[in-house]
A.B. asks: 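Pasting a structure here, questions to come.
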Amino acid sequence: MRFLLRLPQTHLRKLSCSMSLLMGSRQFLEFCLLPSFAAYPSSSTTLSPSYSSSRQVSSVSRRFRPVLASRPVSKNSPYYQRTNGLSSYNSISRVPTPVDTEEEADKRAVLSRLVTLRRKLAEQGIDAENCPPGQYSGLTCPTCEGGNSGEKSLSLFIAPDGSSATWNCFRGKCGLTGGVRANGRLASADPIEKVERKITVEGIELEPLCDEIKDYFAARAISRKTLERNRVMQKRIGDEIVIAFTYWQRRELVSCKYRSLTKKFLQERNTRRILYGLDDIEKTSEIIIVEGEIDKLAMEEAGFLNCVSVPDGAPASVSSKEIPAEDKDTKYKFLWNCNDYLKKASRIVIATDGDGPGQAMAEEIARRLGKERCWRVKWPKKSEDEHFKDANEVLMSKGPHLLKEAILNAEPYPIQGLFPFKDFFDEIDAYYHRTHGHEYGVSTGWKNLDNFYSVVPGELTVVTGIPNSGKSEWIDAMLCNLNHSVGWKFAFCSMENKVRDHGRKLLEKHVKKPFFDADYGRTVQRMSAEELDEGKQWLNDTFYLIRCEMDSLPSIEWVLERAKAAVLRYGIRGLVIDPYNELDHQRTPRQTETEYVSQMLTKIKRFSQHHSCHVWFVAHPKQLQHWDGSAPNLYDISGSAHFINKCDNGIIVHRNRDAKAGPLDLVQIGVRKVRNKVAGQIGDAYLCYDRATGLYSDSPVTPEIPERRPSNRY
């Protein structure tokens with residue numbers, strides 16, 4: 001102050017102006033006073049989130065906006081420069097402007113990028129205000145929030161120059177990953193390459209296990225010999241000692257995973273991700289894959305050295321997406337990195353945890369390694385309702401012998417469409433003991449016909465016959481019998497019948513009286529209005545109609561979709577498609593009718609078997625030339641020989657038209673194919689048709705009707 005008082009007044013004014021210029025920005029002073037190590041923190045830290053240094057320079061997180069304008073000086077101040085109306089530019093211009101050095105410009109650029117980067121991270125729900133660049137920081141994951149323990153499972157890395165940031169949640173049930181750039185879009189579209197670190201035991205300061213850790217493993221039935229062979233070590237981090245599982249490949253340490261006694265996990269950053277115990281499977285054709293390092297050690301106690309563990313936790317569920325390419329499959333990069341070892345194995349036993357995530361991990365591994373060479377382990381029961389969770393739990397509770405037995409009893413991994421016979425033993429037993437019912441088929445209601453044909457759920461019956469032989473009438477009568485005897489319900493896709501006419505026919509068979517006082521029914525009293533009402537209720541409860549109300553014809557796919565809905569909604573047990581030629585048969589130009597019919601019948605059979613629903617498919621024969629009045633055969637069906645080749649049962653309905661051959665009400669039911677010998681056999685049954693009610697009854701006589709000669713076939 002004494003020095004200032006001795007200065008001339010003009011010098012004081014100049015000094016005031018200069019100090020005003022330099023002190024006008026708090027941020028500028030902060031920047032000038034900012035140590036170089038704050039903007040460029042050390043990048044030598046090797047640990048992941050929870051064990052990174054807590055000493056961070058808080059000034060890095062402050063926003064920096066350089067302000068070069070001088071601080072305004074009050075007009076009442078004795079140092080205010082009066083310009084007599086002239087600009088004070090000349091006075092200010094005499095003050096030398098600060099010149100930025102290259103280092104200071106770089107610092108400003110870094111801080112500017114950090115401001116932008118932290119704002120973008122905040123938009124992703126990540127608070128990075130206290131995260132320095134060039135280091136890994138442990139944060140709370142915005143997605144899983146650290147689970148029940150609330151651990152800081154999110155590892156965030158900010159590039160030293162503040163240009164980008166990447167993050168990864170190490171909880172297996174979460175697995176959140178991503179990245180952003182200070183100037184640009186998400187880093188996932190433009191990934192940041194990581195440089196693989198080389199580590200050594202000395203470099204990461206590992207040391208032999210202490211007695212406390214050895215006792216911890218002893219309580220888990222892991223011997224000291226096993227720990228030594230697998231080079232399990234420890235590391236001191238602050239006041240805590242953590243277990244160090246060392247990952248070796250061809251006698252080189254490539255990674256290290258840490259586990260605290262409270263079951264918190266860390267892993268050396270930027271190291272190669274491989275399977276734990278990889279060198280143990282280098283020359284083996286059979287390997288075991290488990291879900292944790294301790295499970296790998298437990299397997300060794302049971303005598304299995306050919307075992308490896310995945311390095312990360314299991315996913316929450318199986319991905320619904322296709323397996324990504326190798327460079328995109330980051331979650332399972334460890335499998336690709338070990339492909340030279342895994343591709344030699346002819347048998348891979350997957351012994352992951354028995355919980356949901358463990359089974360999801362098993363599925364993801366099997367998808368990538370090939371299910372045809374994978375087996376899976378089913379852990380033994382702990383109680384009536386609970387199984388053991390993993391290998392170490394079995395070892396601790398039941399000992400090495402039961403663990404070994406579980407591995408030796410591993411089952412082939414399920415492959416869609418490929419089954420061992422034992423998967424169906426329960427069904428075979430039920431079939432043998434006839435516990436499901438209808439194993440012999442359901443009676444048609446006519447004793448003469450039951451000797452040759454009975455209705456088995458899940459089969460396809462093709463019905464044909466000369467026009468006006470009563471194919472549809474006979475099927476309707478049989479469905480009424482099935483409903484009356486076993487209560488089955490049915491769906492009709494009958495394009496040749498009007499709904500009212502079809503309803504009339506069904507009502508006549510149910511009430512056993514004619515619908516009208518017409519000539520066909522004058523011999524029997526017409527049904528009453530009360531009987532009609534009761535019949536309509538039965539009609540509504542028993543039959544459902546599949547009808548295409550549009551001008552176009554329905555396709556077989558359209559019909560089967562509605563039939564599936566009828567199975568699920570109404571519980572139908574039978575479907576009638578009548579007739580084949582009323583469906584829409586669109587096929588590709590290169591597809592023959594034979595190929596089309598084959599595919600169509602395959603779809604019908606799959607529907608029938610899957611829904612345990614019997615299907616009757618009516619198909620007309622082709623035009624017969626020089627017809628002599630005899631019954632056709634199944635090879636006469638128009639379209640393809642596949643009608644007889646693919647059906648389970650083939651039936652011909654033929655009505656006698658010759659009074660000399662027998663009664664005109666005589667109907668021949670010719671069973672020409674029966675695939676299931678339990679349900680019937682080839683032969684002919686004869687029924688009598690009642691024109692007034694549409695009912696059929698067993699014929700008391702069996703006439704001899706000659707078969708049609710082959711020469712008259714066409």
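Fair warning: this is a prediction, and the values are worked out from it, not measured in the lab.
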A.B. asks: So do I637 and V462 actually touch side chain to side chain, heavy atoms under 4.5 Å?
C.D. replies: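 They are in contact (side-chain heavy atoms under 4.5 Å apart), so the answer is yes.
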A.B. asks: Is the backbone N or O of P514 less than 3.5 Å from a side-chain atom of T693, with the two atoms forming a donor-acceptor pair by type?
C.D. replies: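 No: the side chain of T693 does not pair with the backbone of P514.
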A.B. asks: Taking only Lys NZ, Arg NE, NH1 and NH2, and the carboxylate oxygens of Asp or Glu, determine whether E508 and K513 approach each other closer than 4.0 Å.
C.D. replies: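 K513 and E508: not salt-bridged.
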A.B. asks: Under a plain distance cut-off of 3.5 Å, with no hydrogens placed, do W538 and N483 share a side-chain donor-acceptor pair?
C.D. replies: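 Indeed, the side chains of N483 and W538 share at least one donor-acceptor pair under 3.5 Å.
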A.B. asks: Does the T464 side chain pair with the main chain of A619, one donor and one acceptor, at a distance under 3.5 Å?
C.D. replies: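 A pair under 3.5 Å: yes.
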A.B. asks: Does the ring center of H654 lie less than 6.0 Å from the ring center of W474?
C.D. replies: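 No, they do not, as the ring centres are separated by 6.0 Å or more.
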A.B. asks: Between V653 and I669, is any pair of side-chain heavy atoms under 4.5 Å apart?
C.D. replies: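 They are in side-chain contact.
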A.B. asks: Does the side chain of P579 come within less than 4.5 Å of E496's, by heavy atoms?
C.D. replies: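 Counting from C-beta outward, E496 and P579 do come under 4.5 Å.
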A.B. asks: Could you check whether D450 pairs with K447 (Lys NZ or Arg NE/NH1/NH2 to Asp/Glu carboxylate O, under 4.0 Å)?
C.D. replies: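 Here D450 does not pair with K447 in a salt bridge, since their nearest N and O are not under 4.0 Å apart.
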A.B. asks: Check G574 against W616 and note the closest heavy-atom contact, atom names and distance.
C.D. replies: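 Scanning both residues, the minimum pair turns out to be CA-CZ3, 4.0 Å.
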A.B. asks: Restricting to non-hydrogen atoms, name the atom on I652 and the atom on L634 that form the minimum distance, rounded to 0.1 Å.
C.D. replies: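 For I652 versus L634, the nearest heavy atoms are CD1-N, 3.9 Å.
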A.B. asks: Any side-chain heavy atom of D665 sitting closer than 4.5 Å to one from D690?
C.D. replies: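 Counting from C-beta outward, D665 and D690 never come under 4.5 Å.
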A.B. asks: Are there more than 12 heavy atoms of other residues, nucleotides or ligands under 6.0 Å from atom NZ of K564?
C.D. replies: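 12 or below, so no.
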A.B. asks: For F421 and F424, take the angle between the two ring planes, folded into 0 to 90°, and tell me which bin it lands in: parallel under 30, tilted 30 to 60, perpendicular over 60.
C.D. replies: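 Aromatic pair F421/F424 classed perpendicular.
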A.B. asks: Would you give the length of the straight line joining atom CZ of R606 to atom NE2 of H611, rounded to the nearest 0.5 angstrom?
C.D. replies: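 Reported to 0.5 Å precision, the distance equals 12.5 Å.
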A.B. asks: If you apply the rule side chain to side chain contact (heavy atoms under 4.5 Å, CB included), what do you find for V576 with F617, and how did you get there?
C.D. replies: CA-CA 6 Å; V576 178; F617 196 10; over 6 Å; no
A.B. asks: In plain terms, say whether D684 and R672 are close enough for a salt bridge, that is, a side-chain N and a carboxylate O under 4.0 Å apart.
C.D. replies: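 A salt bridge is present here (some side-chain N lies under 4.0 Å from a carboxylate O).
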A.B. asks: Between N448 and A685, what is the shortest heavy-atom contact and its length?
C.D. replies: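 Heavy atoms only, the tightest pair is O-CB, 3.5 Å.
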A.B. asks: Run the side chain to side chain contact (heavy atoms under 4.5 Å, CB included) check on I289 and V310 step by step: do they pass?
C.D. replies: CA-CA 7 Å; I289 300 178; V310 299; 4.0 Å; yes
A.B. asks: Tell me, do L507 and F515 make a side-chain contact under 4.5 Å, heavy atoms counted?
C.D. replies: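 Heavy-atom side-chain distance check passes, below 4.5 Å.
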A.B. asks: Judged by modelled atom types alone, do T602 and K646 share a side-chain donor-acceptor pair under 3.5 Å?
C.D. replies: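 Per modelled atom types, T602 and K646 side chains form a pair under 3.5 Å.
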A.B. asks: Rounded to the nearest 0.5 Å, how far does CZ of R368 lie from SG of C374?
C.D. replies: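 Output value for this atom pair is 12.0 Å.
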A.B. asks: Would you say T542's side chain and L539's backbone share a donor-acceptor pair under 3.5 angstrom?
C.D. replies: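 Flag not set: sc T542 to bb L539 has no pair under 3.5 Å.
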A.B. asks: For residues Y432 and E427, is any side-chain donor paired with an opposing acceptor at under 3.5 Å?
C.D. replies: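 Result is no, nothing qualifies.
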A.B. asks: Going by atom types only, do H614 and T461 share a side-chain donor-acceptor pair under 3.5 Å?
C.D. replies: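 Note: H614 and T461 side chains meet the donor-acceptor criterion.
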A.B. asks: Could you tell me whether K378 and E411 make a salt bridge, using a distance below 4.0 angstrom between a side-chain N and a carboxylate O?
C.D. replies: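 Between E411 and K378 there is no salt bridge, as every charged N stays at least 4.0 Å from the carboxylate O atoms.
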A.B. asks: Nearest 0.5 Å please: distance from the NE2 atom of H433 over to the CD1 atom of I428.
C.D. replies: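 Output value for this atom pair is 11.5 Å.
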A.B. asks: Hey, are N481 and K509 close enough side-chain-wise for a donor-acceptor pair under 3.5 Å?
C.D. replies: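 Result is no, nothing qualifies.
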A.B. asks: Hey, what do you get for CG (D355) to CH2 (W379), rounding to the nearest 0.5 Å?
C.D. replies: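 The CH2 atom of W379 is 12.0 Å from CG of D355, to the nearest 0.5 Å.
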A.B. asks: So, H585 and E593: side-chain donor and acceptor under 3.5 Å apart, yes or no?
C.D. replies: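 The answer is no; no qualifying pair exists.
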A.B. asks: Tell me yes or no: between the side chains of N649 and E459, is some donor less than 3.5 Å from an acceptor?
C.D. replies: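 Indeed, the side chains of N649 and E459 share at least one donor-acceptor pair under 3.5 Å.
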A.B. asks: Examine distances only and state if a side-chain atom of E531 and a backbone atom of S528 form a donor-acceptor pair shorter than 3.5 Å.
C.D. replies: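 Such a contact is found between E531 side chain and S528 backbone.
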A.B. asks: Does the gap between the ring centers of Y580 and F643 come in under 6.0 Å?
C.D. replies: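 Under 6.0 Å, so yes.
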A.B. asks: State whether Y440 and R434 meet the cation-pi test: NZ (Lys) or CZ (Arg) under 6.0 Å from the six-membered ring centroid, and within 45° of the perpendicular axis.
C.D. replies: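 The answer is yes, since R434 meets both limits relative to Y440.
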A.B. asks: Once you round to the nearest 0.5 Å, how far does CG of N656 lie from OH of Y689?
C.D. replies: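 The distance works out to 15.0 Å.
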A.B. asks: Between K673 (side chain only) and I644 (backbone N and O only), is there a donor and an acceptor less than 3.5 Å apart?
C.D. replies: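 Checked: pair present.
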A.B. asks: If I take atom CD from residue E363 and atom CZ from residue R376, how far apart are they, to the nearest 0.5 angstrom?
C.D. replies: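 Atom-to-atom, E363:CD and R376:CZ are 9.0 Å apart.
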A.B. asks: Please check if any side-chain donor atom of D329 sits under 3.5 Å from a side-chain acceptor atom of W336, or the reverse.
C.D. replies: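 Yes, a side-chain donor-acceptor pair sits under 3.5 Å.
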A.B. asks: Within a radius of less than 6.0 Å around NE2 of H610, do more than 12 heavy atoms belonging to other residues, nucleotides or ligands occur?
C.D. replies: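 At most 12 heavy atoms, drawn from other residues, nucleotides or ligands, come within 6.0 Å of this atom.
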A.B. asks: With a 4.5 Å heavy-atom cut-off, do E286 and S346 have their side chains touching?
C.D. replies: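 No - every pair of side-chain heavy atoms lies 4.5 Å or more apart.
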A.B. asks: Looking at E595 and T592, would you say the former's side chain and the latter's main chain have a donor-acceptor pair under 3.5 Å?
C.D. replies: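 Side chain of E595 to backbone of T592: a pair is present.
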A.B. asks: Identify whether NZ of Lys or CZ of Arg in R573 sits under 6.0 Å from the centre of the six-membered ring of F490 and within 45° of that ring's axis.
C.D. replies: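 No; the conditions do not both hold, so R573 does not lie above the ring face of F490.
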A.B. asks: Does Q586, at its CD atom, have more than 12 non-hydrogen atoms belonging to other residues, nucleotides or ligands within less than 6.0 Å?
C.D. replies: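 No, because the 6.0 Å sphere around CD of Q586 holds 12 heavy atoms or fewer from other groups.
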A.B. asks: Quick one: does R655's side chain have a donor or acceptor within less than 3.5 Å of a partner on L666's backbone?
C.D. replies: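 No, R655 side chain to L666 backbone: no donor-acceptor pair under 3.5 Å.
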A.B. asks: Does the ring centre of Y544 sit less than 6.0 Å away from the ring centre of F492?
C.D. replies: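 No.
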A.B. asks: Looking only at the side chains, is there a donor atom on one of D541 and Q537 sitting less than 3.5 Å from an acceptor on the other?
C.D. replies: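 Yes, because at least one side-chain N or O of D541 sits under 3.5 Å from a partner of the opposite role on Q537.
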A.B. asks: Would you please name every residue forming a salt bridge (Lys or Arg N to Asp or Glu O under 4.0 Å) with D353, sequence neighbours left out?
C.D. replies: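 Result, salt bridge (Lys or Arg N to Asp or Glu O under 4.0 Å) vs D353: K389.
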A.B. asks: Grab the two heavy atoms, one from Y596 and one from D584, that are nearest each other, plus how far apart they are.
C.D. replies: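 Scanning both residues completely, I find the closest heavy atoms to be OH-O, 3.7 Å.
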A.B. asks: Take atom CD in E557; do more than 12 heavy atoms of anything else shown fall under 6.0 Å from it?
C.D. replies: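 Buried by this count: over 12 neighbours within 6.0 Å.
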A.B. asks: Is any side-chain heavy atom of V455 closer than 4.5 Å to one of H438?
C.D. replies: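 Result no, sub-4.5 Å side-chain heavy-atom pair not found.
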A.B. asks: Indicate the atoms forming the closest heavy-atom contact of H642 with L601, along with that distance.
C.D. replies: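 In this case the closest contact between H642 and L601 is O-CD1, 3.3 Å.
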A.B. asks: Does S443 reach the main-chain N or O of G445 with its side chain, forming a donor-acceptor pair under 3.5 Å?
C.D. replies: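 The answer is yes, because a donor-acceptor pair under 3.5 Å joins these two groups.
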A.B. asks: Among all residues two or more places apart in sequence or in another chain, which pass the salt bridge (Lys or Arg N to Asp or Glu O under 4.0 Å) test with K498?
C.D. replies: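 K498 satisfies salt bridge (Lys or Arg N to Asp or Glu O under 4.0 Å) with no other residue.
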A.B. asks: Is the shortest side-chain heavy-atom distance between M527 and K512 below 4.5 Å?
C.D. replies: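 SC-SC contact between M527 and K512 ruled out.
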A.B. asks: Would you please name every residue forming a salt bridge (Lys or Arg N to Asp or Glu O under 4.0 Å) with R367, sequence neighbours left out?
C.D. replies: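 If we apply the salt bridge (Lys or Arg N to Asp or Glu O under 4.0 Å) test to R367, skipping adjacent residues, the hits are E364.
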A.B. asks: Output, in order, the C-alpha distance, side-chain angles, deciding distance and verdict of side chain to side chain contact (heavy atoms under 4.5 Å, CB included) for V377 and I407.
C.D. replies: CA-CA 6 Å; V377 172; I407 300 301; 3.8 Å; yes
A.B. asks: Check for a donor-acceptor pair, side chain of S612 on one end and backbone N or O of G458 on the other, with a separation under 3.5 Å.
C.D. replies: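 No; zero donor-acceptor contacts below 3.5 Å.
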A.B. asks: Which heavy atom of L664 sits nearest to which heavy atom of R657, and what is that distance?
C.D. replies: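 For L664 and R657, the tightest heavy-atom pair comes out as CD2-C, 3.8 Å.
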A.B. asks: Verify side chain to side chain contact (heavy atoms under 4.5 Å, CB included) between R547 and M495, making sure each step is shown before the conclusion.
C.D. replies: CA-CA 7 Å; R547 301 184 66 84; M495 281 74 73; over 6 Å; no
A.B. asks: Under the 3.5 angstrom rule, does the side chain of N540 hit a backbone N or O of K536 as a donor-acceptor pair?
C.D. replies: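 Pair absent, no side-chain N/O of N540 close to backbone of K536.
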